[in-house]
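Everything on this sheet refers to the single structure shown next.
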Amino acid sequence: MPVLPASIKALQDCFESWQSLSSTTLPLDKYLQSYFKRFAFLGSKDRKLIANALFSYYRWYGWLSLLKKPILFQLLCGYVLDGHKETKTVFYWKKALSFPEEIDELVKQEQSFPLKQKNIISYFVPNVKEEDLFPLAAQESLPDNFIFLQKRPPIWLRSKRDKIEQTIRFFKEQDIAFTQSPILPYSFALKENINLSACSLYQNGTLEVQDISSQIVGEIIDIQETDTLWDMCCGSGGKSLHLAELSNGKAKIYATDIRKASLQNYRKRLAKQEYTNINIQCLMAGETPNFSTVPNKILIDVPCSCSGTWRRTPDLRFRFRGVDEAILQTQQDLLNQAAKVIPVGGHLFYVTCSFLPNENENQLDVFLSQHSNFSYDSYINPITKQEEQGSCAIAPPASDGNWIFIAKLKRTV
């Protein structure tokens, strides 16, 4: 019987170690960073295989959990379902587990997504449902095109707008496979991770890691050089750094958060830029900055379930038990706080990375019922290039990024 490759034994060890921590809230990507530091002898190919196998397992867990097979078999099946290339290690992995050769024939067939995947899993488990790939608590709220949340997303990089040609030359010189977004010409998709610490354009601030859906949010806000904007929950600064770039470093931006660690990361990112228009502050919940100029735009990127990121964080799906009431209350609190600050004629931009209505449309229904001096306003959708009213979902397949909800509200009185 063929011997199981050493890297597959390492995969099993990593999985079992991760499973022992399953009661924690630590995301899989953070765990893998820690694991690979502890086991530094693992080569880059081994690390790539382990990461791909684990993320693929959780992406297809709703079906794989129905298999009455050992965990290494389930991990292999998830790897195949996700469409990863077969390496020599994977070939011997299949041989060691007597993986059916018929599956290889199914993989070779030209079929649309997810028909091919359904045919593969149906070899083992008949009559699977696409909805079963998502937690029961979310199934009633799944949008029409929910199956696109199953596709592995690319890595998105944002280039400075005056460095697009330089960025393209760099990718070609470094033999990095990329796709330039047809929506935003300064946005680039990579199929494979790159070593950012060795990437000169990332180190000098020309490139930033930012999901394309998040970049589209920046375009919808349509910031002007004369604007003053408050980014209420700025995190590590992805959106407000983008807004600074879009305003040529001239719009006055207040970036606040309650999380010191996120702001520390933001300051590191800001240090690579030449912007002097961003004021970063750590505030307690409910606190408001001392504005030298009252903001005419407020970005409220609220805490949420993060269901819209399940393409990137499939391990979080089956921990989901419904949206916490405390989070829903926080979302309303932030809206109400912003409403007290924004002047007449100013705009609120309510943003979540969620597809769940109780975090999106339902929250705005409550807010508008209590604030008759606010109404939905129009904006240009960068995807359709059309003027639209109120709110929209920036979602795959159109954006090929995370699922983001955004609404534009205007204070009328």
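Just so you know, residue 1 is the first one in the sequence shown, and it goes up from there.
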Strictly distance-based, threshold 3.5 Å: is any side-chain N or O of T330 a donor or acceptor partner for the main-chain N or O of A326?
yes

Distance-only side-chain donor-acceptor flag, N360 / T352, under 3.5 Å
yes

Could you tell me if the ring centre of F15 sits under 6.0 Å from that of Y57?
yes

Using every non-hydrogen atom in the two residues, find where A251 and I223 come nearest and quote the distance to one decimal.
CB-CD1, 3.6 Å

As an exercise, state the distance from OG of S240 to CG of L299, rounded to the nearest 0.5 Å.
7.5 Å

Would you confirm whether Q337, through its side chain, and E287, through its main-chain N or O, come within 3.5 Å as a donor-acceptor pair?
yes

Evaluate the side-chain contact (heavy atoms from CB on, under 4.5 Å) criterion for residues Y379 and D222: first the C-alpha distance (whole Å), next the side-chain angles of each, then the deciding distance (0.1 Å), finally the verdict.
CA-CA 8 Å; Y379 58 89; D222 189 28; over 6 Å; no

Check the orientation of H84 and Y79. Use parallel for under 30°, tilted for 30 to 60°, and perpendicular for over 60°.
tilted

Is a side-chain donor-acceptor pair under 3.5 Å present for T206 with K163?
no

Please check: side-chain N/O of N381 versus main-chain N/O of Q386, any donor-acceptor pairing under 3.5 Å?
no

Looking just at side-chain N and O atoms, do N296 and R411 make a donor-acceptor pair shorter than 3.5 Å?
no

Between S292 and K252, is there a side-chain donor-acceptor contact under 3.5 Å, judged purely by atom types and distance?
yes

Check the orientation of H371 and F374. Use parallel for under 30°, tilted for 30 to 60°, and perpendicular for over 60°.
perpendicular

Could you tell me whether the side chains of S213 and W403 share a donor-acceptor contact shorter than 3.5 Å?
no

For the residue pair F73 and F99, is the inter-centroid distance of their aromatic rings smaller than 6.0 Å?
yes

Parallel, tilted or perpendicular: which fits the ring planes of Y31 and Y35, with parallel below 30° and perpendicular above 60°?
tilted

Give a yes or no answer on whether the side chain of W60 reaches the backbone of S65 with a donor-acceptor pair at less than 3.5 Å.
no

Test item: side-chain donor near acceptor, S354 and S307, under 3.5 Å
yes

Ring-face cation contact, F113 with K151, 6.0 Å cut, 45° max
yes

Residues R311, D400: salt bridge by 4.0 Å N-O rule:
yes

Give a yes or no on whether the backbone of A53 and the side-chain of S56 come within a donor-acceptor separation of less than 3.5 Å.
no

F320 vs W310 aromatic rings, parallel, tilted or perpendicular, using cut-offs 30° and 60°?
perpendicular

Checking side-chain contact (heavy atoms from CB on, under 4.5 Å) for the pair Y376/L368: CA distance, chi angles, key distance, verdict?
CA-CA 9 Å; Y376 284 119; L368 290 172; 3.6 Å; yes

Given E208, which of K272, R158, R269 fulfils the side chain to side chain donor-acceptor pair (under 3.5 Å) condition?
R269

So which atom in C304 and which in I327 form the shortest heavy-atom distance, rounded to 0.1 Å?
CA-CG2, 3.9 Å

Show the numbers, then the answer: is there a salt bridge (Lys or Arg N to Asp or Glu O under 4.0 Å) between D82 and R59?
CA-CA 8 Å; D82 235 9; R59 184 169 289 111; 2.7 Å; yes

Working to the nearest 0.5 Å, report the span between NZ of K69 and CG of L64.
12.5 Å

Applying ring pair (Phe, Tyr, Trp, His ring centres under 6.0 Å), run through F188 and F170 and close with a yes or a no.
CA-CA 12 Å; F188 297 89; F170 175 82; over 10 Å; no

side-chain contact (heavy atoms from CB on, under 4.5 Å) between Q139 and D132, worked out:
CA-CA 8 Å; Q139 287 184 13; D132 291 337; 4.0 Å; yes

Under a 3.5 Å distance rule, please check whether Q363 uses its side chain to pair with a backbone N or O of L328 as donor and acceptor.
yes

Just verifying a value: how many Å separate D257 CG and M232 CE, rounded to the nearest 0.5 Å?
10.5 Å

Under 3.5 Å, is there a donor-acceptor pair between the side chain of E387 and the main chain of S378?
no

In chain order, what residues pass the side-chain contact (heavy atoms from CB on, under 4.5 Å) check against V209, with sequence neighbours excluded?
L157, L196, Y202

Side-chain donor/acceptor of R152 to backbone N/O of N52, under 3.5 Å:
no

Where does the angle between the aromatic ring planes of F134 and F146 fall among parallel (under 30°), tilted (30 to 60°) and perpendicular (over 60°)?
perpendicular

With no hydrogens and no angle check, just 3.5 Å: does a side-chain donor-acceptor pair link Y254 and T293?
no

Do D315 side-chain atoms and L28 backbone N/O form a donor-acceptor pair below 3.5 Å?
yes

Please report the interatomic distance CD(Q210) to OG(S187), rounded to the nearest 0.5 Å.
8.0 Å

When rounded to the nearest 0.5 angstrom, what is the spacing between SG in C14 and CZ in R38?
8.5 Å

Regarding K160 and Q273, do their side chains bring together a donor and an acceptor under 3.5 Å, going by distance alone?
yes

So, does S141 use its side chain to make a donor-acceptor pair with the main chain of A138 at under 3.5 Å?
no

Rounded to the nearest 0.5 Å, the OH atom of Y186 sits from the CD atom of Q215 at a distance of 6.0 Å

Go through the steps for L75 and W93 under the test side-chain contact (heavy atoms from CB on, under 4.5 Å), then give the verdict.
CA-CA 11 Å; L75 287 164; W93 186 8; 4.0 Å; yes

Is it the case that the side chains of Q74 and Y61 hold a donor-acceptor pair, with the cut-off being a distance below 3.5 Å and no angle test?
no

